[in-house]
Amino acid sequence: MQTVSAANPSFGGKAPHLMCGKGDIAEVVLLPGDPGRVKMFVDLCDDFKIIASSREYTVGTGTYKGVPVSVCSTGIGAPSTEIAVLELIELGAKALIRIGGAGVLKEEIKCGEMVINTAAMRRGGASCFYAPAEYPAVASCEVVKCLEDACKRSGIGYWKGISASVGSFFAGQGRPALGRKFYDENFLQEMINLRILNMEMESETVMTLGSLFDVMTGCICAVHANRITDEWMEDFAEAQRNMCKIALEAVVQLTEEYLR
């Protein structure tokens, strides 16, 4: 029985879901959730071209300050992220950095600031098929350093800490679903007691699979909401653009210091 891999001949040498080949992907890949955000890099990079667009996956490649970089959307949540991560690794990716938005659980954090995740609580779901619950989801120290250095150079406020990476947007993150509550009333307080900094939906999948397959990983999120103060950004385009610039600066440093 033939197995399907990123280079299965039946797909013309292309990954079956991402629909691109090994020569299309740079060693460092940024991972937004939204396919629409990939197009933001047309204005931020040189010679940035959309390589493929299939389902929730839009893939583009270009250069920033002379350094090759790819951007691949993952869609929302762990299952689609698992597919993107594994196919990118098989296509030759050496570092994967999630870029997205998040709600924070610390009153002092302002909307528009950045969160760099050093690790993640594994509540996504997909990674449980690869490693037991006790296996940690941790970012690579090299990626964390480069993201932190880039934030410092940008002058934008940033925070470091652990994310709760959850395979649910509503009940799994303490939100009512159609007016009904399927979660414990003390949910958010429990997260705060555990020193969880933010909540999002993809980082633990990226980090866990990265550790298992020896690929550097990290995560930076622009703060879209503060769950404690109930502050929300209605227009987060500028925050996302700032985050993308920071991520690109980190790609340059990561490539020059650790991949060459």
Side-chain angles (χ1 to χ4, degrees), residues 26-34 37-38 40-41 44-45 64-65 67 69-74 76 81 84-85 88 93-106 108-121 124 137-166 196-211 215-226 233 236-255 257-259:
E27 288 188 332
V28 184
V29 186
L30 302 179
L31 304 175
D34 183 358
R37 289 183 188 149
V38 179
M40 293 176 61
F41 289 86
L44 297 173
C45 295
Y64 180 78
K65 295 186 176 181
V67 175
V69 61
S70 292
V71 185
C72 174
S73 59
T74 63
I76 298 174
T81 300
V85 167
L88 287 167
K94 303 300 182 188
L96 301 170
I97 304 174
R98 161 156 161 68
I99 57 173
V104 293
L105 301 179
K106 195 175 181 67
E108 301 94 312
I109 303 178
K110 299 179 179 65
C111 288
E113 293 186 324
M114 302 295 150
V115 168
I116 299 170
N117 288 128
T118 55
M121 178 183 286
V138 292
S140 304
C141 59
E142 300 92 339
V143 177
V144 172
K145 178 183 183 299
C146 292
L147 288 171
E148 185 173 9
D149 288 348
C151 281
K152 289 177 180 177
R153 292 192 297 269
S154 76
I156 296 172
Y158 73 95
W159 304 74
K160 291 193 301 179
I162 300 172
S163 162
S165 193
V166 188
I196 296 298
L197 193 62
N198 62 301
M199 303 187 76
E200 46 79 54
M201 300 180 68
E202 292 82 28
S203 68
E204 72 97 347
T205 307
V206 177
M207 293 175 186
T208 302
L209 293 177
S211 292
V215 168
M216 291 188 289
T217 62
C219 174
I220 182 170
C221 290
V223 177
H224 290 176
N226 189 309
M233 295 185 79
F236 42 75
E238 182 179 357
Q240 282 289 314
R241 186 176 177 85
N242 289 337
M243 178 196 62
C244 291
K245 289 179 180 178
I246 289 169
L248 287 169
E249 289 291 333
V251 168
V252 173
Q253 183 176 341
L254 186 71
T255 301
E257 294 186 6
Y258 299 103
L259 293 176

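In this structure, W159 and L197 have side chains that are in contact, with non-hydrogen atoms separated by less than 4.5 Å. V104 has its side chain out of reach of E113: every pair of non-hydrogen atoms, C-beta onward, lies at least 4.5 Å apart. Side-chain atoms of V252 and Y64, non-hydrogen and from C-beta on, do get closer than 4.5 Å to each other. A heavy-atom distance below 4.5 Å is not found between the side chains of V67 and L254.
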Evaluation steps, side chain to side chain contact (heavy atoms under 4.5 Å, CB included), between Y258 and S140: CA-CA 12 Å; Y258 299 103; S140 304; over 6 Å; no
Verdict with reasoning, C45 to V69, per side chain to side chain contact (heavy atoms under 4.5 Å, CB included): CA-CA 9 Å; C45 295; V69 61; 4.1 Å; yes
CA sep, side-chain torsions, deciding dist, call: E200, V115, side chain to side chain contact (heavy atoms under 4.5 Å, CB included): CA-CA 11 Å; E200 46 79 54; V115 168; over 6 Å; no
Audit row: L209, T217, side chain to side chain contact (heavy atoms under 4.5 Å, CB included) steps and yes/no: CA-CA 9 Å; L209 293 177; T217 62; over 6 Å; no
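Considering NZ of K65 and CD of Q253, their distance stands at 11.0 Å, rounded to 0.5 Å. We find the CE-CZ distance between M201 and R98 to be 9.5 Å, quoted to the nearest 0.5 Å. Expressed to the nearest 0.5 Å, how far CG of L31 lies from CD1 of I99 amounts to 7.5 Å. I97 contributes atom CD1, which lies 9.0 Å from atom CG of L248 (distance to the nearest 0.5 angstrom). Rounded to the nearest 0.5 angstrom, S70 OG and F41 CZ are separated by 11.0 Å. Taking CE from M114 and CD1 from I156, the interatomic distance works out to 4.5 Å, rounded to the nearest 0.5 Å.
Between the side chain of N226 and the backbone N or O of K106 there is at least one donor-acceptor pair closer than 3.5 Å. Within the 3.5 Å criterion, the main-chain N or O of A150 finds no donor-acceptor partner in the side chain of E249.
Of all non-hydrogen atoms in P32 and C72, the two that sit nearest each other are CD-O, 3.4 Å. For the pair A164 and M121, the tightest heavy-atom approach, listed with the atom from each and the gap, is CA-CB, 3.9 Å. Of all heavy-atom pairs between A250 and L147, the closest is CB-CD2, 3.7 Å. Nearest heavy atom pair, residue L259 against residue M216, reads CD2-CE, 3.6 Å. Between E202 and S165, the shortest heavy-atom distance links the atoms N-OG, 3.4 Å. Across all non-hydrogen atoms, the minimal contact from I116 to C151 is CD1-SG, 4.0 Å.
With respect to M243, the side chain to side chain contact (heavy atoms under 4.5 Å, CB included) criterion is satisfied by exactly one of Q240, K245, R241: Q240. Shown are T81, V29, V28; of these, the side chain to side chain contact (heavy atoms under 4.5 Å, CB included) with L96 is made only by V29.
Annotation for E108: atom CD counts as buried by contact number, over 12 foreign heavy atoms lying within 6.0 Å. Annotation for I76: atom CD1 does not count as buried by contact number, only 12 or fewer foreign heavy atoms lying within 6.0 Å. Annotation for K160: atom NZ does not count as buried by contact number, only 12 or fewer foreign heavy atoms lying within 6.0 Å.
Contacts of F236 classified as ring-ring contact (aromatic ring centres under 6.0 Å, His included), with partners at least two apart in sequence or in another chain: H224.
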